[in-house]
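Written below as structure tokens is the structure these notes are about.
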Amino acid sequence: MRLNPPYEWREAPPADYAVLGDPIAHSLSPRMHKAAYEAAGLKYRYVALRVEPNDFEEAIDKLIHLGYRGVNLTQPLKELGAKWARHPDLFVTRVGSANTLNLMEGSAANTDAPGFVDTLPALGIWAPAPILILGAGGAARAIASVLHEAGHRLRIYNRTPERAKKLVDETGIKAEILKEPNPEGVAMVVNTTSAALEGDAIPVQWSRADKRTIAYDISYGEELSPFLLQSGLAGLKVCDGLEMLVAQGARSFEWWLGIVAPLDAMRRAVG
Ligand code: ATR
């Protein structure tokens with residue numbers, strides 16, 4: 001199902017906020033933010049625009065010219081967003097990943113990280129625990145950093161191990177870099193990769209996981225990702241990224257507008 005008109009950034013319509021990425025047609029952010037504006041009595045418009053990394057700066061310039069106030073960024077643009085900002089907040093500076101920009105001020109925030117943490121108590125993750133993160137892109141940088149700060153013991157696996165090493169070196173976190181995605185002895189495995197978008201699965205050795213381990217995929221969609229399908233078949237508790245979408249979206253709304261987000265309306269719009 002195509003949820004958004006397939007806007008290319010060069011054909012961006014008049015609007016106030018947008019989510020940028022590639023691919024982008026699957027994004028539920030426009031629906032969710034529209035519901036938030038309606039519930040809050042605001043007249044803003046929020047659209048999804050396809051932007052490739054090479055066009056990022058030009059696209060942002062065009063949106064500023066069109067009067068857009070802010071954007072959310074999804075893969076593969078979060079690291080570019082952090083570099084673009086004249087006024088990144090401290091967390092963005094440290095992790096080099098931003099998913100929320102204020103185009104009027106040139107500022108950047110990362111709401112993925114606190115949005116992810118918001119979802120953990122409902123999964124029973126209260127105390128520091130061993131956690132395996134799959135991936136080393138922008139989302140992984142933010143999630144690894146915030147989990148490290150909360151005292152969790154991290155392991156990271158990435159298809160390209162050098163990128164995992166770079167993540168650890170540049171963010172200053174403590175984490176063990178694994179050669180294989182082995183889930184033995186961890187309380188949770190978090191999939192931050194975009195492998196499913198390419199029709200791939202990460203070769204996690206699920207038979208080695210404890211049955212109480214949570215398999216958490218930060219992506220969402222009508223169909224279960226190969227990661228969630230395989231972990232579910234192995235008897236693990238699974239969680240997709242829908243609640244994190246709502247949590248990070250609410251935090252972006254509050255950062256842009258300075259008013260409390262209508263969380264229930266946002267959740268209903270995507271649930
Ligand atoms: P995001 O900002 O959402 O994290 P990203 O920076 O493009 O997006 O990062 C994508 C992550 O998914 C990377 O860890 C990438 O691995 P590489 O560093 O090896 O490229 C991972 N990824 C993407 N496609 C993959 C695939 N087919 N198999 C395994 N990992 C994949």
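For ligands, and for the atoms within them, numbers begin at 1 and follow the listed sequence. From a predicted model like this one, the values you see are computed outputs, not experimental measurements. Count residues from 1 along the sequence.
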Considering all heavy atoms of both residues, which atom of [X] and which atom of [Y] are nearest to each other, and what is their separation?
X      : Y      : result
Leu42  : Leu257 : CD1-CD1, 3.8 Å
Ser29  : Leu245 : OG-CD1, 3.8 Å
Val95  : Thr171 : CA-CG2, 4.0 Å
Met266 : Ala250 : CE-N, 3.6 Å

Quick check: [X] and ligand 1, any N/O pair under 3.5 Å apart?
X      : value
Ala139 : yes
Pro76  : no
Ala136 : yes

Exercise for review: Please examine the side chains of Trp84 and Leu103, heavy atoms only from C-beta on, and report whether any two atoms are closer than 4.5 Å.
Suggested key: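 Yes, side chains in contact.
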Check your understanding: Looking at side-chain heavy atoms only, is the closest gap between Ile177 and Tyr157 below 4.5 Å?
Key -> no
Exercise for review: Can you measure from OH (Tyr46) to OG (Ser27) and round to the nearest 0.5 angstrom?
Suggested key: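 Tyr46 OH to Ser27 OG: 6.0 Å, rounded to 0.5 Å.
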Look at [atom] and say which protein heavy atom is nearest, naming residue and atom and giving the distance to 0.1 Å.
atom                    : value
atom 25 (C) of ligand 1 : Arg159 NH1, 3.3 Å
atom 2 (O) of ligand 1  : Gly138 N, 3.4 Å
atom 9 (O) of ligand 1  : Gly137 CA, 3.5 Å
atom 16 (O) of ligand 1 : Asn158 OD1, 3.3 Å
atom 23 (C) of ligand 1 : Ser194 OG, 3.4 Å
atom 8 (O) of ligand 1  : Gln75 CB, 3.4 Å
atom 21 (C) of ligand 1 : Thr193 CB, 3.7 Å
atom 24 (N) of ligand 1 : Glu198 OE2, 3.2 Å

Selection from [options] by shortest heavy-atom distance to [atom]:
atom                    : options                        : result
atom 5 (P) of ligand 1  : Arg163, Glu162, Arg141, Lys166 : Arg163
atom 19 (O) of ligand 1 : Thr160, Ile156, Asn99, Thr192  : Thr160
atom 27 (N) of ligand 1 : Asp22, Asp200, Thr74           : Asp200

Exercise: do [X] and [Y] side chains pair donor with acceptor under 3.5 Å:
X      : Y      : result
Ser225 : Ser219 : no
Tyr216 : Thr119 : yes
Asn72  : Asn99  : no

Review point. Hey, is Ile202 touching ligand 1 through its side chain, its backbone, both or neither, going by heavy atoms under 4.0 Å?
Key: side chain
Exercise for review: Go through ligand 1 atom by atom and flag the ones less than 4.0 Å from a non-hydrogen atom of Glu79.
Suggested key: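 Result: 6 (O).
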